[in-house]
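Only this structure's heavy atoms are used, side chains among them; waters, hydrogens and symmetry mates stay out. Residue numbers begin at 1 in each chain, while the letters A, B, ... track the order of the sequences.
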Amino acid sequence: MNEERRDFIREIVQQDLDSGRVKNVVTRFPPEPNGYLHIGHAKAICINFGIARRYDGRCNLRMDDTNPTKEDVEYVESITADIKWLIEGWADHCLGLKPIGGLPDRIDVDGREDFYIASVTPAESAAQQSPALEPFFASDYFEALYEYALELIRRGKAYVCDHTAEEVDQMRGAPDRPGRESAYRERPVEENLDLFRRMRTGEFPDGARTLRAKIDMSAPNVWLRDPVLYRIRHTSHHQTGDRWCIYPMYDFAHGLSDYIEGITHSLCSLEFEVHRPLYEWILEALELPRVHPRQREFARLNVTYTIMSKRKLLRLVQEGHVRGWDDPRMPTLSAMRRRGYPAEAIRTFVQAVGVAKRENMVQIEYLEHFVRENLNRSTPRVMAVLRPLRVVIENYPEEQVEELDAVNNPEDASAGTRKVPFSRVIYIEQDDFREVPPPKYHRLSPGVEVRLRYAYLITCTDVVKDPATGEIVEVRATYDPATRGGDTPDGRKVKSTIHWVSAKHAIDAEVRLYDRLFSVEDPDDTPEGEDFTRNLASESLEILRDGKLEPSLAAAKPGSRYQFERLGYFFTDPEDSHPGAPVFNRTVTLKDTWARIERRQNRRP
RNA sequence: UGGGGCGUGGCCAAGUGGUAAGGCAACGGGUUUUGGUCCCGUCAUUCGUAGGUUCGAAUCCUGCCGCCCCAGCCA
């Protein structure tokens with residue numbers, strides 16, 4: 001990866017190091033396990049791991065699982081796998097995990113009881129043959145959090161409130177109007193302690209009481225108006241089962257989880273900026289003895305033609321608009337992986353986009369640029385005809401077969417060459433033949449000579465049509481035996497070189513052409529009363545079943561990438577490919593100047 | 001009309017008082033056995049706007065305008 005850019009967050013981190021406020025850097029990536037990770041998360045991951053990497057620190061992976069009604073283990077598994085994939089070979093040495101089942105230690109800091117849990121990297125664990133690792137979980141801290149809550153009550157900074165949700169809502173006031181204080185605000189400490197303990201033991205039904213911070217009901221920042229810290233939910237949790245019926249709210253759990261893990265910099269997106277005073281209030285109210293984490297915010301990533309809302313992505317899955325969370329049209333990391341996007345290209349893209357605080361909408365073309373750039377230098381070339389048109393070379397001997405040399409990767413000499421069989425009947429792309437060529441069309445048409453890549457120059461002599469439909473079913477041509485390999489001894493030029501596959505040697509494969517899922521730049525921009533699904537593109541997936549591929553592709557391994565020359569980059573689908581029957585997903589097309597010319601011609605004829 | 005943020009080319013984005021980096025896109029040209037790659041060139045007299053300070057302002061000050069976030073017992 002090229003030189004790292006400096007941004008306002010790195011500047012803050014550097015200052016903290018310079019001033020000695022912190023001795024090392026520990027960041028964290030804290031997804032809620034209620035959906036799959038998407039390209040927007042990739043930005044947060046690259047920032048948090050990138051900073052850990054830059055300053056030789058750690059980035060803890062933590063499931064922010066404080067709301068059992070929305071979360072599921074399916075998601076903790078996918079999230080863990082996606083992160084590992086994204087950072088592999090780049091920041092794996094910074095990945096902070098913990099031994100399975102690990103809980104915070106009770107430690108003593110200057111005579112005060114405190115909680116702390118250390119991180120372990122996969123490499124460290126392997127070196128010590130330690131038990132297997134897993135991510136951190138906010139739910140691992142429920143006991144510690146409970147004790148911190150007790151301490152807050154003892155300090156007179158939290159109280160049990162009996163108002164209903166509706167009442168609390170009404171009493172909160174409005175942004176421009178102060179709220180009213182809870183009738184239970186002045187409850188004695190002992191009573192608060194007693195009630196809170198009984199909340200834990202399950203004495204009260206859902207919603208009956210909450211634990212609230214005692215701050216300021218007339219604060220201009222509404223998050224400081226005695227926010228709820230704990231709510232009652234008699235619901236079993238995917239990690240803690242039925243052990244708890246009270247669950248901490250985000251604001252209470254997050255800062256303290258950061259603190260327990262020794263996080264130095266808690267980097268999140270802009271919408272949490274207004275929560276920052278509360279984040280700091282909690283740490284300060286408890287007068288926690290170790291270094292306090294510092295929250296800083298950056299603008300989240302938006303990309304044209306895609307949506308990032310986990311709720312909406314879930315709908316696409318549930319309503320069957322896509323085949324699942326990893327459908328290659330989805331903006332999820334698992335979908336991009338299955339589509340063939342290299343993790344490194346995603347990282348390069350995120351880095352190029354930068355880190356700032358202004359709202360942004362990055363064009364999808366920018367992402368595609370980095371995917372192409374990465375694939376261009378790393379991917380072997382191969383010939384595949386997706387929409388075959390039969391060509392008979394009339395003067396080529398009936399039974400003859402030649403093995404011709406083809407370059408595997410012009411960008412990488414060490415990739416070597418391979419043999420490609422050639423014979424009298426071949427397939428070319430339907431797009432590469434026009435009976436009546438439009439202006440500037442350089443490919444095959446009657447009387448025109450083109451080069452068959454690595455083979456011979458051929459000239460079209462005739463067109464065979466289906467008498468019933470008029471459809472072109474075959475092209476007749478002659479070849480110049482002196483041009484073997486595609487060279488022209490007499491130095492004559494042809495305008496075009498096209499790809500081909502020998503008919504009798506070709507293998508069949510299913511090829512899936514993916515396009516944008518949405519037809520408009522901003523899918524959320526909808527008329528009154530309609531939602532984003534109206535902007536779903538009508539043909540975002542085209543499945544081709546009669547593709548003819550060069551025989552070397554019979555050995556394509558699931559998960560391998562190719563450039564189908566002149567068409568695009570393709571990924572051998574790891575799920576649906578079988579030995580001898582590969583399935584290819586189009587990752588991204590090659591840039592297509594001809595398509596652009598054609599579009600222009602059609603626009604202003 | 002409360003609080004918190006943000007406004008630099010079509011899209012990202014540097015710039016931190018000394019006279020507007022870079023990438024993508026677009027456009028023009030060259031090389032080319034991929035209409036790919038690569039290479040060259042064009043693309044902001046101007047930084048939301050109006051004033052002010054200064055020899056000098058995208059950078060400092062003031063007013064105005066615009067956009068985003070916040071009133072979940074979601075995160």
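With its ring centre under 5.5 Å from that of the base six-membered ring and a plane angle below 30°, Trp594(A) counts as stacked on rG35(B).
Under the 6.0 Å distance and 45° angle rule, Arg451(A) does not count as a cation-pi partner of Tyr456(A).
Applying the 4.0 Å criterion to OP1 and OP2 of rG72(B), one finds that Arg172(A) has a side-chain N or O inside that range. Taking side-chain N and O atoms only, Arg358(A) has a distance below 4.0 Å to OP1 or OP2 of rG7(B). The side chain of Arg6(A) contributes no N or O atom lying less than 4.0 Å from OP1 or OP2 of rG15(B). For Arg233(A), a side-chain nitrogen or oxygen approaches OP1 or OP2 of rC74(B) to under 4.0 Å. For Lys495(A) and rG35(B), the shortest distance from a side-chain N or O to OP1 or OP2 is not below 4.0 Å. For the OP1/OP2 pair of rA25(B) and a distance below 4.0 Å, the side-chain nitrogens and oxygens of Lys591(A) include at least one atom meeting the criterion. Side-chain nitrogen and oxygen atoms of Arg231(A) include at least one within less than 4.0 Å of the OP1 or OP2 phosphate oxygen of rC74(B). In this structure, His369(A) reaches the rC24(B) phosphate: one of its side-chain N or O atoms is under 4.0 Å from OP1 or OP2. Dashed line: the shortest gap from a side-chain N or O of Thr164(A) to OP1 or OP2 of rC73(B) is not under 4.0 Å. Residue Thr69(A) places none of its side-chain N or O atoms closer than 4.0 Å to OP1 or OP2 of rC74(B). When the side-chain nitrogen and oxygen atoms of Arg372(A) are compared with OP1 and OP2 of rU37(B), none of them lie within a distance under 4.0 Å.
When heavy atoms are screened at a 4.0 angstrom cut-off, Val362(A) is found touching the sugar-phosphate backbone but no base atom. When heavy atoms are screened at a 4.0 angstrom cut-off, Arg209(A) is found touching no nucleic acid atom at all. Base contact: Phe272(A) has a heavy atom under 4.0 Å from a base atom. Within 4.0 Å of Gln363(A), counting heavy atoms only, lies at least one base atom of the nucleic acid. Residue His499(A) is out of contact with every strand shown, counting any heavy-atom pair closer than 4.0 Å. Looking at heavy-atom distances under 4.0 Å, Val355(A) makes contact with sugar-phosphate atoms alone, never a base. Residue Pro410(A) is in base contact, counting any heavy-atom pair closer than 4.0 Å across all strands shown. Residue Phe252(A) is out of contact with every strand shown, counting any heavy-atom pair closer than 4.0 Å. Among the protein residues, Glu32(A) comes within range of the sugar-phosphate backbone only, with heavy atoms under 4.0 Å from sugar or phosphate atoms but none that close to a base.
We find that CZ of Phe570(A) is positioned 18 Å from P of rU34(B), with the value rounded to whole Å.
Glycosidic conformation at rG10(B) (O4'-C1'-N9-C4 for purines, O4'-C1'-N1-C2 for pyrimidines): anti, more than 90° from 0.
Taking the six-membered ring where the residue is Trp, the centroids of Phe8(A) and Phe298(A) are separated by 6.0 Å or more. In this structure, Tyr247(A) has its ring center under 6.0 Å from that of Phe142(A).
Comparing rG36(B), rA13(B), rG72(B) by their closest approach to the side chain of Asn376(A) singles out rG36(B).
For the pair Arg198(A) and Glu203(A), the salt-bridge criterion is met [side-chain N within less than 4.0 Å of a carboxylate O].
Comparing rC6(B) with rA50(B), their P atoms sit 22 Å apart, to the nearest whole Å. Taking atom C1' on both nucleotides, rG9(B) is separated from rC27(B) by 15 Å, rounded to a whole Å. Taking atom P in both rU19(B) and rA58(B), the straight-line distance is 11 Å, to the nearest Å.
Partner of Glu365(A) under the salt bridge (Lys or Arg N to Asp or Glu O under 4.0 Å) criterion, out of Arg516(A), Arg372(A), Lys591(A): Arg516(A) alone.
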